[in-house]
Every structure is written in C-alpha cells, then in structure tokens.
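Heads up: the structure comes next, in structure tokens.
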There are 2 protein chains.
Amino acid sequence: MQNSECKKNYRTRQQEALGAYFRCNPEACVTADDIYMYFIGRGDKIGKATIYRSLDRMVESGEIKKFLSDGGEGAMYQLIDGGNGCDRHFHLKCIRCGTVVHMDCEFMDEFERHIMEHHNFRVDNGRTIIYGLCGNCSANVAE
Amino acid sequence: MQNSECKKNYRTRQQEALGAYFRCNPEACVTADDIYMYFIGRGDKIGKATIYRSLDRMVESGEIKKFLSDGGEGAMYQLIDGGNGCDRHFHLKCIRCGTVVHMDCEFMDEFERHIMEHHNFRVDNGRTIIYGLCGNCSANVAE
DNA sequence: GGCGAATTTGAAAATGATTTTCATTTTTAT
DNA sequence: ATAAAAATGAAAATCATTTTCAAATTCGCC
C-alpha cells in the first residue's frame, strides 16, 4: 500500500512486488509461473493474469527480456543488466536466448563511415538491432 | 513412396517435404502453422502433429533454429545459415521511404569478424536489418 | 479527506499453440 | 514378401497465455 521504500514509480503493490523481485534476484531467469509460485509460497496475494500483464509492461519498457527456454516450459524472463539506454552503440540480440549485447567500440564508427561512403546510407543506431547467436548459444547449437 | 529425387536421407515423404520446403525457401522465417497452411494450400496431405514432430527433429539435429518472434504468434523456425548466398548480405532499410539497399561487399566480412572476435557474437545476416536513412531521404530530412 | 473517474486486479473462462493418444499406414530389416 | 518398428493424422488433451468483467485500488482534484 505505502511505497515508502520504493524509489521507482510503480503504481500498485503488485507491480512494485514484481520490480522488487527482479531487483532482489538480479540473476533470476524464471517463467511467469515460477514467479507466481514464489509469491503464492510467501503467502502474498497475486493473480497470474497480473503477473503476465506486469511482465509484459516490463518487457515493453526494456527492464527485462523475454525468451524461449531450452527446455519447453514456456517463456522465460530475466533482468536486462545494463538497462541504461544509450544511442551510441549497436544492440546485438541473440535469437536464441534473447540476451542483448551492447557493442560500443570505435569499430562502429568505421562501420558507419563505410556504409555512408560506399552505400550512401546513414545508419540509425537507435533503431538497428543486429541479430545472431551469443557466445553461449553459439556453443550450444550444433552445426 | 519413392524418393528418387531426394538426396538426403529423410525417412518419409512428409519429412522430405519439410526439408525441401526449407531448402527451397532458404530465407523462410515461419511458424509451424505457416508451414501447415502452405502444404494444405498446395493440396498436400500432412498433419499438424507431424509438422511439429518433424520440426522438433530438425531443431534437434541442428538443421533449423527455433526462436520467439518479436510479435506474439508462437515459435518461429528458420534454416540455420542457409548455406546459399542469400545470407551473405545485410539489408539496409530506409526508415523514411522503406527502400531496401543490399549491402554485399567485402567489408561485411570484416564486420562479422570483428563482432565475432571482439564481442563473441555470431551475426545472422539473414535476420538482421540495418535501419537508417537512404541517400535521398537523408537529403530531404531536416535534423 | 474525500469523491468520482480511470486504472488495475483476480478468478474464471477462453484462446491458441503445442503435445499426446491411438488406430492405421508406411518404412525398414529380414 | 512379411513381420516388427517407426511414423502418420485426426481428435482429444494439455498447458501457457490472454481475455472478460465485476470488484478493488489508485489518481486527480476540489
């Protein structure tokens, strides 16, 4: 009810609880049901629909990521570490686990310059996402 | 029944059909239902269960990859590294006029190599679209 | 401090993708 | 060819996720 200890502007107790859950478990990699069970286990009152809705919001706002698990239990959710949005780098997004790697090095300038000079095209870093496989997943996918 | 035209060792007509589908559509990025509809549309006889089972096998064997779409329609399947040249270039898409420029030059290899070596990430050219402004639009847009 | 509007919640029902069941068909090995 | 093993398809079952809608909560404002 009161959000005295809360800095972020979550509107409701449930939304704050979810935010706190991820902040207190920064490495958590969980399904919606995992989270539901966690709260139910603690005796908290929360509905699954609310969890799904809140997770959607957090994915939308870029706080957490959603991806397909290796097993087949449903979507998994995990905190996005950096979280600080910046336009001076590319995003490399793993198509397997959803991890976003931030590419922020001088080579990028070279890339932009090449595309500008040789292809007459001005890259928009903010909108561009490079898809592929991160190191982990690359190692796990047989080829 | 006869697999005269088939080189790969798929056991059944349905499995061969699925393999052929991906080989003939190397850039296809589809849901199980897309594939089902495709075959039904052609008048072929195939069940959804078989499609799911075959897709699982192909993911397992590393022929195709499975991932969560950005929209929310279910899992998507796509050939891994089509092997065909179509995966060998980037697409530069203008966010203003929609023009797609194909970037197909030796610099791309350099780009991939850099990302692989410095960022431990294997770029998937087929799925990546670089957004920005084409020459025309760049000249016309005030910034 | 409280009232009404707007938003959020939760339980249950609905949805929809995927999996399982099982009788039948096809393939494989002999 | 023939029997055993594996694969198929239609339908039913499963299960994660979404929707519905009435009740509860929060927000804006006086």
Side-chain angles (χ1 to χ4, degrees), chain A residues 1-21 29-61 64-78 98, chain B residues 1-21 29-61 63-78:
Chain A
M1 252 166 207
Q2 66 291 2
N3 53 347
S4 44
E5 47 111 12
C6 160
K7 287 128 195 75
K8 286 209 140 192
N9 51 344
Y10 292 111
R11 297 186 201 241
T12 67
R13 180 171 47 78
Q14 292 88 340
Q15 284 172 45
E16 163 55 21
L18 254 190
Y21 174 84
C29 177
V30 292
T31 64
D33 195 61
D34 289 336
I35 297 174
Y36 177 70
M37 289 312 193
Y38 169 78
F39 283 119
I40 293 302
R42 294 179 67 220
D44 292 344
K45 183 169 175 293
I46 194 167
K48 276 199 174 187
T50 299
I51 290 181
Y52 278 106
R53 279 183 289 232
S54 298
L55 285 174
D56 278 351
R57 261 189 298 249
M58 295 174 80
V59 168
E60 185 66 23
S61 76
I64 61 176
K65 62 196 176 191
K66 173 183 182 179
F67 59 95
L68 217 50
S69 77
D70 282 342
E73 313 88 13
M76 314 228 51
Y77 299 84
Q78 190 175 30
Chain B
M1 251 171 204
Q2 67 293 2
N3 52 348
S4 44
E5 48 111 12
C6 158
K7 289 124 193 74
K8 286 209 141 192
N9 53 343
Y10 291 109
R11 299 185 200 243
T12 67
R13 181 170 45 78
Q14 291 88 341
Q15 283 172 46
E16 163 55 21
L18 254 190
Y21 174 84
C29 177
V30 293
T31 64
D33 196 60
D34 289 336
I35 298 174
Y36 176 70
M37 289 312 194
Y38 169 78
F39 283 118
I40 293 302
R42 294 178 66 222
D44 291 344
K45 183 168 176 294
I46 194 168
K48 277 198 174 185
T50 300
I51 290 182
Y52 278 107
R53 279 184 289 232
S54 297
L55 286 173
D56 278 351
R57 261 189 299 250
M58 295 174 79
V59 168
E60 186 65 23
S61 76
E63 285 177 85
I64 61 175
K65 58 200 174 192
K66 173 183 182 179
F67 57 92
L68 216 52
S69 77
D70 282 340
E73 313 88 12
M76 313 227 54
Y77 300 85
Q78 189 175 32

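- The phosphate of C/dT9 has OP1 or OP2 within less than 4.0 Å of a side-chain N or O from A/T12.
- Atom CG in A/D56 sits roughly 9 Å away from atom C1' in D/dT18 (whole-Å rounding).
- Considering only residues two or more places apart in sequence or on other chains, B/F39 meets the ring-ring contact (aromatic ring centres under 6.0 Å, His included) condition with none of them.
- Within a heavy-atom distance below 4.0 Å of DNA chain D, no residue of residues 33-40 of chain A is found.
- Residues A/Y38 and A/V30 fail the side-chain proximity criterion, which asks for heavy atoms closer than 4.5 Å.
- OP1 or OP2 of D/dG9 sits under 4.0 Å from a side-chain N or O of B/Q14.
- To the nearest 0.5 Å, atom CZ of residue A/R13 and atom OG1 of residue A/T50 are 9.5 Å apart.
- Between A/L18 atom CG and C/dG10 atom P the separation is 10 Å, expressed in whole Å.
- A donor-acceptor pair under 3.5 Å links the side-chain atoms of B/D34 to the main chain of B/T31, judged by distance alone.
- Proximity of residues 44-53 of chain B to DNA chain D (heavy atom under 4.0 angstrom from any strand atom) is restricted to B/K45, B/I46, B/G47, B/A49, B/T50, B/R53.
- Phosphate contact (OP1/OP2 of C/dT9, side-chain N/O of A/Q15, threshold under 4.0 Å): present.
- Contact detail for B/M58 and B/G19: the closest heavy-atom pair is CE-CA, 4.1 Å.
- What separates CZ of B/R13 from P of D/dG9 is a distance of 7 Å, to the nearest Å.
- Rounding to the nearest 0.5 Å gives a distance of 5.5 Å between CG of B/L18 and CD1 of B/I46.
- Taking NZ from B/K48 and CD1 from B/I40, the interatomic distance works out to 9.5 Å, rounded to the nearest 0.5 Å.
- Taking 4.0 angstrom as the limit, A/R11 places a side-chain polar atom (N or O) nearer than this to OP1 or OP2 of C/dT8.
- The distance from the CZ atom of A/R53 to the CD atom of A/Q15 is 10.0 Å, given to the nearest 0.5 Å.
- Note: B/Y21 OH to B/I64 CD1 = 10.5 Å, rounded to the nearest 0.5 Å.
- B/M76 has its CE atom 15 Å from the C1' atom of C/dG16, to the nearest Å.
- Phosphate proximity of D/dA6 to B/R57: absent, as no side-chain N or O sits under 4.0 Å from OP1 or OP2.
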